[in-house]
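Each remark here refers to the structure printed beneath this line.
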Protein chains: 2
Amino acid sequence: MEERIEKIKQQLHSYNFKLTPQREATVRVLLENEEDHLSAEDIFLLVKEKVQDIGLATVYRTLELLSELNITQKLNFGDNVTRYEFRSEEAEHHHHHLVCVNCGKVDEINEDWLDPIEERVENRFQFKIVDHRLIFHGICKECQKKKRIIYKSRIFCKIRDLFLSISLLSIKW
Amino acid sequence: MEERIEKIKQQLHSYNFKLTPQREATVRVLLENEEDHLSAEDIFLLVKEKVQDIGLATVYRTLELLSELNITQKLNFGDNVTRYEFRSEEAEHHHHHLVCVNCGKVDEINEDWLDPIEERVENRFQFKIVDHRLIFHGICKECQKKKRIIYKSRIFCKIRDLFLSISLLSIKW
DNA sequence: ATGTTTGCAAATGATTTGCATAAAA
DNA sequence: TTTTATGCAAATCATTTGCAAACAT
């Protein structure tokens, strides 16, 4: 923990940025909740518990800074909210996300199976890849057990009866 | 073109929705610009050329409806703007996106190399996949030729000299 | 008659920005 | 004493919603 903070401090310093108390608190919240995919608002509320005098704008600015420096990365799972997570230490290691369309839970998978695909893309399209995002939408294990739909939508209300066939895109489970 | 409109009309009818002039105009814009990844605003402006009396809210409502019915799908390339595109006719066929971090251009790749990966995910995590999104971020062919950075950021302005090493994530090209 | 769809304006929610102040180099 | 960072409030931008009018069945 402390050594990761120290490392981030170095990274900031190398570009003449400071690790202020506000920034440090933000980084700590990110580190302490590495499993989750927090929004700026989520992070702000958690940071506020540590450092009472901090503004939402500062959190946004910090997250933007960290993302620019490639310490964190922004994620977007389709709700129009940006979420933030640490980038893995090893530049080459990526992980992907499983988003449950029913309960909204987001899990990570750490396998990186994309290398051969990246290679094909680079060769075929002469596109120099610097990053990728891979998200699977589906029904998580738990929701499959529950066999219960909690997903809501405007059209759901309208055509309740047909909901299953629409919203689950005709999966059989 | 006309037959695709007709098909969409049927789909809407099957759920008791109507293909109103406004909805039809929206669908036509989508069809006429299938290559692009338009935002609701983009679509609104194009629709407005056809049907002068249409509100932005209607376009949003139409796009939401089409997406709920799985006729279109929403995309998000990291700028906080939802973009819309048709889903391919064959439920199983997916395509992926190449987003140039330099010029912002979005290209599509139609190869679907993800089937074996999906299978592994389903088995390993018992996660029933209904959809996926795969986006590669990188430098497109043209920008590689230009060798010129037009990407802007707040930090770019600040640390101009170090920009290359930060923003391109230490690619060598 | 009844339910659906619309345009408009206002509301919302996430994010950004201006600015005067505070902290650090 | 110059630069960097902050909090706050106001501004912005994408999207949604309430509502009365228009339309379709």
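Quick caveat: nothing in here was measured; it's all calculated off a predicted structure. In what follows, every chain begins at residue 1, and chains take the letters A, B, ... in the order their sequences are listed.
For B:Thr82 and D:dT15, the shortest distance from a side-chain N or O to OP1 or OP2 is below 4.0 Å. The phosphate of C:dT6 (OP1 or OP2) has a side-chain N or O of B:Thr20 nearer than 4.0 angstrom. Applying the 4.0 Å criterion to OP1 and OP2 of C:dT15, one finds that A:Arg61 has every side-chain N and O outside that range.
Between B:Leu75 atom CG and D:dT15 atom P there is a gap of 12 Å when expressed in whole angstrom units. The distance from atom CG of B:Asn80 to atom P of D:dT16 is 13 Å, rounded to the nearest whole Å. Between the CD atom of B:Glu64 and the C1' atom of C:dT5 there is a distance of 16 Å, rounded to whole Å. Rounded to an integer number of Å, the gap from NZ of B:Lys9 to P of C:dT5 is 14 Å. Going from atom CG of B:Asn76 over to atom P of D:dA14 covers 13 Å, rounded to whole Å. Rounded to an integer number of Å, the gap from A:Arg23 CZ to C:dA24 C1' is 12 Å. In this entry the distance linking CG of A:Asp79 with P of D:dA14 reads 18 Å, nearest Å. One atom, CG of B:Leu63, and another, P of D:dA14, lie 15 Å apart when rounded to the nearest Å.
The side chain of B:Tyr60 sits closest to D:dT16 out of D:dT16, C:dT17, C:dT15. Between D:dT15, C:dA14, D:dT17, one nucleotide has an atom nearer to the side chain of A:Glu41 than all others, and that is C:dA14. Taking only side-chain atoms of A:Phe17, from C-beta outward, the nucleotide of C:dT15, D:dA5, D:dC8 with the closest atom is D:dA5.
For the atom pair CD of A:Glu3 and NZ of A:Lys9, the computed distance is 14.5 Å after rounding to the nearest 0.5 Å. Going from atom OH of A:Tyr84 over to atom CG of A:Leu30 covers 10.0 Å, rounded to the nearest 0.5 Å.
Taken together through direct or relayed side-chain contacts under 4.5 Å among Ile, Leu, Val, Met, Phe, Trp and Tyr, A:Leu63 and A:Leu75 form parts of separate hydrophobic clusters.
Using a 4.0 Å heavy-atom criterion, one finds that A:Leu56 contacts the bases of the nucleic acid, with or without backbone contacts as well. Within 4.0 Å of A:Ser39, counting heavy atoms only, lies no atom of the nucleic acid at all.
Comparing B:Tyr84 and B:Lys18 along DNA chain D, the residue whose closest nucleotide (by nearest heavy atom) sits nearer the 5' end is B:Tyr84.
By the 30° and 60° cut-offs, the orientation of the rings of B:Tyr15 relative to B:Phe17 is tilted.
Judged as a side-chain hydrogen bond (donor to acceptor under 3.5 Å, both in side chains), and not counting sequence neighbours, the contacts of A:Arg83 are A:Asp79.
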